[in-house]
2 protein chains.
Amino acid sequence: MAIVKLVNSVKSLSKPSKQQSHRSTIGDVAREAGVSKTTISRYLSGQFDSISEQTRKRIEQTIADLKYRPNRMARGLKRDRSFSIGMIVADITNPFSTSILRGVEDVCTKHGYSLMVCNTDNDPVKEKEYIMMLQAHRIDGLIINSTGHNNEYLHELAEEQTPVVLVDRKMPELGFDTVVTNNVQATTEAMRFFLQQGYERIAFFTQPVEKVSSRNERSNTFHQFLAQANHPSITDVYVVDFRENGQLEQKLEAYLSSSQGQFRLLFAVNGVMQLKILNVLQQKGLRIPEDIAVACFDDLDWAPVIPPGITTIAQPTYEIGVNAMERVLKRIMGDQSPAETIELPGKLIIRGSTPSKTK
Amino acid sequence: MAIVKLVNSVKSLSKPSKQQSHRSTIGDVAREAGVSKTTISRYLSGQFDSISEQTRKRIEQTIADLKYRPNRMARGLKRDRSFSIGMIVADITNPFSTSILRGVEDVCTKHGYSLMVCNTDNDPVKEKEYIMMLQAHRIDGLIINSTGHNNEYLHELAEEQTPVVLVDRKMPELGFDTVVTNNVQATTEAMRFFLQQGYERIAFFTQPVEKVSSRNERSNTFHQFLAQANHPSITDVYVVDFRENGQLEQKLEAYLSSSQGQFRLLFAVNGVMQLKILNVLQQKGLRIPEDIAVACFDDLDWAPVIPPGITTIAQPTYEIGVNAMERVLKRIMGDQSPAETIELPGKLIIRGSTPSKTK
DNA sequence: TTGTATGCGTTATCAT
DNA sequence: ATGATAACGCATACAA
């Protein structure tokens, strides 16, 4: 294992102004209310049975007067829990991520936890640094859709009994709870519909699969479904790396010319891919659905608006977030049952971009 | 001021499993490396001058062996700084917010700070709770686009010397640093272009202005510009509250029928509004730009894709985030200069949705 | 170059 | 029903 040089990274140590105004502490409240710190602490943790009505009210008032806010760092240090949850997403600008985030957030706050959100840009190095940072904060749980290149550090977290829950991307080798869209079901459902509509050629466009299980499952299901149906498009899986300039245009051109004149469909692995594809199609002056049909994963807000309405597979993103966080909570409460993988169904939303042939 | 009942909200106090594996502390490292805790602490804060080459290496190795991670809560408690920044956004699912967030994040991590992200759904109550929560975490700074209904609590933060920086929405009465799009410039630029294109009727569609300065500035500039130009559309400002069902359809209909046959344009206050408008227009079977032209604030990823390409005003979101966080950093370093309002220019991006009349 | 002792704000233990 | 005291992990003032 690499030696991690652990040096405090706050460069600005030099001279942060220490002009600390009087922020009141539990001691201040105690003095002001004429009781001991212990009693205040009891009040703070809701042990009202052990406090007389009178003093309870006095404490309440004093806290308001002093604008006292319990210090979570002190509390966390003492109790060995931070009351914070870490969330690491691959791309925070992707609505898919933020929707999951919303689910996580709602459950978090309902239970008094705070959320530290980190964005890796799919960069394993950034991911590693964030994991370490969250570890330093002593997060009580982590929710992550991982690049798949930091198993060592994730494992380390788990060894410290910090619950880790994976979302969107499975990593079976780690034995973590996992919450994902049921990609097999969703893809199958969509494919069945496509064949029903009479498409003679269907192409699946995906980003490099790498360690991203969702892409992998979608590609595989696409392939296997067509194989089973003995459909001519079996090999029409196109892998596009956006970092390679012009690759999308090139592969798109390859498919388009090879399927000239056929009743054809472009199926995109996610919303990002779909948008890029539509961009190119528009530049080429191709009309949807007259010249080519399209569909994709992710039912984003533009899907109904782009004429004639884009057929999509809505992923249960919010629910994924809720489930993931609830899972974390269970583990925090001490649940030691074996790790589970929860697969939530996707929903096919049919719009104008995928007409049937007879029509 | 209302009495805030301050009771620990972690419901799950009951029996969190205390099966704490051995997480090593500074003491463990010290013992293992055969030096004092002080020396380890020196290492951690980068005071290498005061450590011999030999012991430095030994410490390095020991830290790696023990997988030691300094406890930020302990450090924060001692130093009275949490190394965390709070960020409160009105709607995390809005790409506008996440783009700002990206800017904040980059500056944060570059300087060793962590980010706690909170989402209010434009709900003042949620906002209040988040402010208090962040306060409890003793955040070193706060970046917020506020609902405008929690001045009291924001002020409280400021009194404790916690820097607060406003983004997107100004609140002059608070005297905080503020970073926003230059809405006057951006709107003016767009309007000038629209008139140049020869539009006879222009409608501005906005959500209720309330305390949201950006909406206010855009509406006002729209109005004043037309007044100055003595343009017939002076009164065409439509306020739509999405919570009122059918209101958008109704107001849209009003404008459409009143402008029948004229060379006309719909100008939306932001991307969310634009998408909803496009939805209705499509249902009505209106073509863009033949039947009506459209344009909006926010250059989101769908803008170039929706035929014939939507004309937009790109806001410098990422830069807003960067500037805001740099502002926070300055204040943390003790800068006491008067609060500034930074206005970053918006950029008009012309696409097919706003053709000129002669064309 | 290194170490000792004290305290940050809170909770837990053990008292009364 | 209430309090005194120790301890959480770390940084700092002061010694050596």
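So you know, we letter chains A, B, ... as the sequences are listed, proteins then strands, and number each from 1. Computed from a predicted model, the values in this text were never measured in an experiment.
Within the structure, the salt bridge (charged side-chain N to carboxylate O under 4.0 Å, His left out) test picks out no pair touching residues 43-52 of chain A (sequence neighbours left out). The list of salt bridge (charged side-chain N to carboxylate O under 4.0 Å, His left out) pairs with a residue in residues 166-179 of chain A, not counting sequence neighbours, reads A:Lys170-A:Glu217, A:Lys170-A:Glu343, A:Asp177-A:Arg327, A:Asp177-A:Arg331.
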Find every protein N or O atom lying less than 3.5 Å from an N or O atom of nucleotides 1-3 of chain D, and list the pairs.
unit_1 : atom_1 : unit_2  : atom_2 : d
D:dA1  : OP2    : A:Asp49 : O      : 2.6
D:dT2  : OP2    : A:Ser52 : N      : 3.0
D:dT2  : OP2    : A:Thr55 : OG1    : 3.2
D:dT2  : O4     : A:Arg42 : NH2    : 3.1
D:dG3  : OP2    : A:Ser36 : N      : 2.7
D:dG3  : OP2    : A:Ser36 : OG     : 3.1
D:dG3  : OP2    : A:Thr39 : OG1    : 2.8
D:dG3  : O6     : A:Arg42 : NH2    : 2.6

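Remark: B:Ser50 engages no residue in a side-chain hydrogen bond (donor to acceptor under 3.5 Å, both in side chains) (not counting sequence neighbours). A:Glu105 pairs by the salt bridge (Lys or Arg N to Asp or Glu O under 4.0 Å) definition with A:Arg102, not counting sequence neighbours.
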Would you check, one step at a time, whether the test side-chain contact (heavy atoms from CB on, under 4.5 Å) holds for A:Glu152 with A:Lys128? CA-CA 9 Å; A:Glu152 174 185 340; A:Lys128 184 199 89 182; over 6 Å; no
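DNA chain C forms stems at C:1-16 with D:1-16, each a run of 3 or more consecutive Watson-Crick or G-U wobble pairs whose two key distances fall under 3.5 Å.
Contact annotation for B:Thr25: backbone-only contact, meaning every heavy-atom pair under 4.0 Å involves sugar-phosphate atoms and none involves a base.
Evaluation of atom-type donor-acceptor distances gives a pair under 3.5 Å for the side chain of A:Lys78 against the base of C:dT11.
Between B:Asp121 and B:Lys126 there is a salt bridge, since at least one side-chain N of the basic residue sits less than 4.0 Å from a carboxylate O of the acidic one. Between A:Arg58 and A:Glu53 there is no salt bridge, since no side-chain nitrogen of the basic residue lies less than 4.0 Å from a carboxylate oxygen of the acidic one. Look at A:Arg138 and A:Glu160 and you find no salt bridge, because none of the NZ, NE, NH1 or NH2 atoms lies under 4.0 Å from a carboxylate O.
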